[in-house]
Amino acid sequence: MSDVLTRGPELRRARAELRRFARVTAYGGGGLGLAGVLAAGLLYGQAELARRTIPLADSPPPRCDGRYGTEYPGPDIRVALLGDSSAAGYGVDRARDTTGALLAVGIVEQLHRPVDIRSHAVVGAISASLDHQVTRALVAQPQLAVILIGVNDVTHRVRTSAAVGHLADAVRRLRDAGCDVVVCTCPDLGTIQPILPPLRWVVRRWSREMAAAQTVAAVAAGARTVSLGDLLGPQFASAPDRMFAADRFHPSAIGYAAAVAAILPTTLSALRGPTDVRPRLTHAEGLRSLTQAAVEAADRPGTEVSAAQVSGQDRGPAGRWAQLRLRVRQFTERPHGPVIDASAVPLPVSDPTDAGPEQHGEAVTD
């Protein structure tokens with residue numbers, strides 16, 4: 001598939017937004033030189049060590065598909081979950097601890113409506129994998145799609161413009177089908193313990209650049225974004241046995257619950273639509289150019305970015321307008337645990353008709 005950021009006037013504008021973002025986030029640099037060659041060799045060795053430390057996926061994560069909140073009246077809210085292992089909930093043993101189950105229960109508890117959630121996420125997926133996942137998801141005509149993607153694009157060094165092009169294409173297909181979309185941008189890989197300095201510093205930069213570029217592309221295509229960043233980093237560092245799964249790479253049940261607590265406010269706002277009552281903005285929130293909002297969101301976990309208008313115009317002198325909101329506080333400010341108690345999530349009324357893609361034997365790199 002050709003790069004979607006090269007087609008059509010609207011996509012050319014999105015490409016211009018990405019160029020502006022690149023200028024805003026550019027780091028100094030020069031020729032590679034001897035020091036650069038030595039550093040590259042060190043990084044390659046560390047990357048190989050990290051790959052050996054992080055085990056292969058020997059079984060798929062438990063399925064979260066099913067109907068939740070059947071005690072409530074009204075039609076089901078249809079939700080599709082797309083992306084990589086963070087969307088699939090790899091690293092936990094019970095369906096109730098997966099991202100999808102936690103998200104469904106959170107929606108049920110807040111909106112008092114039944115939720116039918118279907119996960120199409122695949123362990124090891126990159127952004128190019130979203131095309132097939134979207135095709136599967138659209139069969140059920142979801143009202144909301146939540147996408148978690150980007151980690152494997154970083155670890156596989158997929159070109160950023162190509163990765164966000166696939167993401168924008170997926171968002172556009174979902175929006176054209178009448179589906180609201182929430183994109184959870186790439187988390188900070190510098191929080192992963194098997195990745196040691198200086199490789200940790202490099203992947204932190206790569207993942208934050210990916211997250212900011214994803215924000216620009218996804219919002220331009222019609223989605224809202226939520227920054228995950230290093231939301232769980234301090235807690236992972238202080239309590240790795242509690243926050244990490246056994247592979248020391250993926251979150252534990254508590255870790256997934258904390259991440260869903262950051263995602264849930266934006267999903268609720270998307271489902272409520274224009275009737276959503278939003279609190280007064282703080283000094284750190286408000287209108288920005290999309291590129292500036294993307295940069296700020298990449299450095300501030302729990303930040304929502306959505307499209308905005310000023311005087312009826314969606315573009316200003318610095319490009320597309322965006323609204324930046326701090327939906328949740330840092331998880332580190334909640335010493336007693338996340339908002340959602342993973343152990344209290346009820347099991348769904350399952351529908352086994354969608355067994356999902358085969359996930360055995362794939363390398364766990366997300």
Side-chain angles (χ1 to χ4, degrees), residues 61-90 92 94-122 133-134 136-149 170-171 174-175 177-184 223-226 228 251 253 256-277 304 327-328 338-357:
R63 299 295 301 182
C64 68
D65 294 28
R67 297 181 66 237
Y68 296 73
T70 54
E71 69 274 19
Y72 289 108
D76 292 350
I77 298 173
R78 299 182 303 278
V79 179
L81 196 59
L82 299 86
D84 52 32
S85 65
S86 58
Y90 184 84
V92 299
R94 303 181 302 177
R96 68 183 63 189
D97 296 330
T98 60
T99 305
L102 293 166
L103 185 62
V105 168
I107 295 172
V108 167
E109 290 181 347
Q110 292 297 315
L111 300 186
H112 296 168
R113 290 267 305 279
V115 172
D116 186 341
I117 193 163
R118 304 296 172 114
S119 176
H120 306 280
V122 179
Q133 294 185 30
V134 169
R136 288 170 50 83
L138 288 177
V139 173
Q141 299 180 318
Q143 298 161 261
L144 174 70
V146 179
I147 302 174
L148 294 90
I149 200 74
V171 171
L174 290 162
R175 295 292 292 137
C179 179
D180 286 310
V181 183
V182 173
V183 173
C184 307
R224 306 173 190 225
T225 63
V226 179
L228 297 181
Y256 278 124
V260 170
I263 300 167
L264 183 60
T266 296
T267 61
L268 293 172
S269 180
L271 289 168
R272 289 173 178 143
T275 63
D276 183 34
V277 178
E304 174 191 300
R327 287 289 189 181
V328 296
V339 174
I340 301 174
D341 181 1
S343 65
V345 177
L347 291 174
V349 178
S350 301
D351 181 350
T353 57
D354 183 3

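Counting begins at 1 with the first residue of the sequence. Just so you know, these numbers use all the heavy atoms, side chains as well, and skip hydrogens, waters and symmetry mates.
When all heavy atoms are compared, the tightest approach of Q110 to L268 is CG-CD1, 3.5 Å. What you find for A121 and D84 is that their closest heavy atoms are CB-O, 3.5 Å. The shortest heavy-atom contact between L111 and R272 is CD2-NE, 3.6 Å. Closest approach of T99 and A87 over heavy atoms only: CB-O, 3.6 Å. Nearest heavy-atom pair, L138 versus A177, reported as atom, atom and distance to 0.1 Å: CD2-CB, 3.6 Å. P114 and P73 get closest at one heavy-atom pair: CD-O, 3.3 Å.
Legend: residues meeting side-chain hydrogen bond (donor to acceptor under 3.5 Å, both in side chains) with R175, ordered by chain and number and at least two apart, are D180. By the side chain to side chain contact (heavy atoms under 4.5 Å, CB included) test, Q141 is found to be paired with R78, residues two or more places apart in sequence or in another chain being considered. For T266, the side-chain hydrogen bond (donor to acceptor under 3.5 Å, both in side chains) partners at least two apart in sequence or on another chain are E304.
Rounding to the nearest 0.5 Å places CD1 of I117 at 5.0 Å from CG of L103. Here the CZ atom belonging to R113 is positioned 10.5 Å from the CD1 atom belonging to I107, to the nearest 0.5 angstrom. The distance from the SG atom of C64 to the CZ atom of R96 is 14.0 Å, given to the nearest 0.5 Å. Once rounded to the nearest 0.5 Å, the distance linking CG of L264 with CG of L102 reads 10.0 Å. A distance of 8.5 Å separates CG of L81 from OG of S86, quoted to the nearest 0.5 Å. Note: D116 CG to T70 OG1 = 11.5 Å, rounded to the nearest 0.5 Å.
Between the Y256 side chain and the Y90 main chain, a donor and an acceptor come within less than 3.5 Å of each other. Using modelled atom types, no side-chain atom of R63 and backbone atom of A95 make a donor-acceptor pair closer than 3.5 Å. A donor-acceptor pair under 3.5 Å is absent between the side-chain atoms of S119 and the main chain of A88, judged by distance alone.
Just one of L271, V79, V105 meets the side chain to side chain contact (heavy atoms under 4.5 Å, CB included) condition when paired with V115; it is V79.
Residues I77 and L144 fail the side-chain proximity criterion, which asks for heavy atoms closer than 4.5 Å. Taking the side chain as every heavy atom from C-beta outward, V134 and L174 approach each other to under 4.5 Å.
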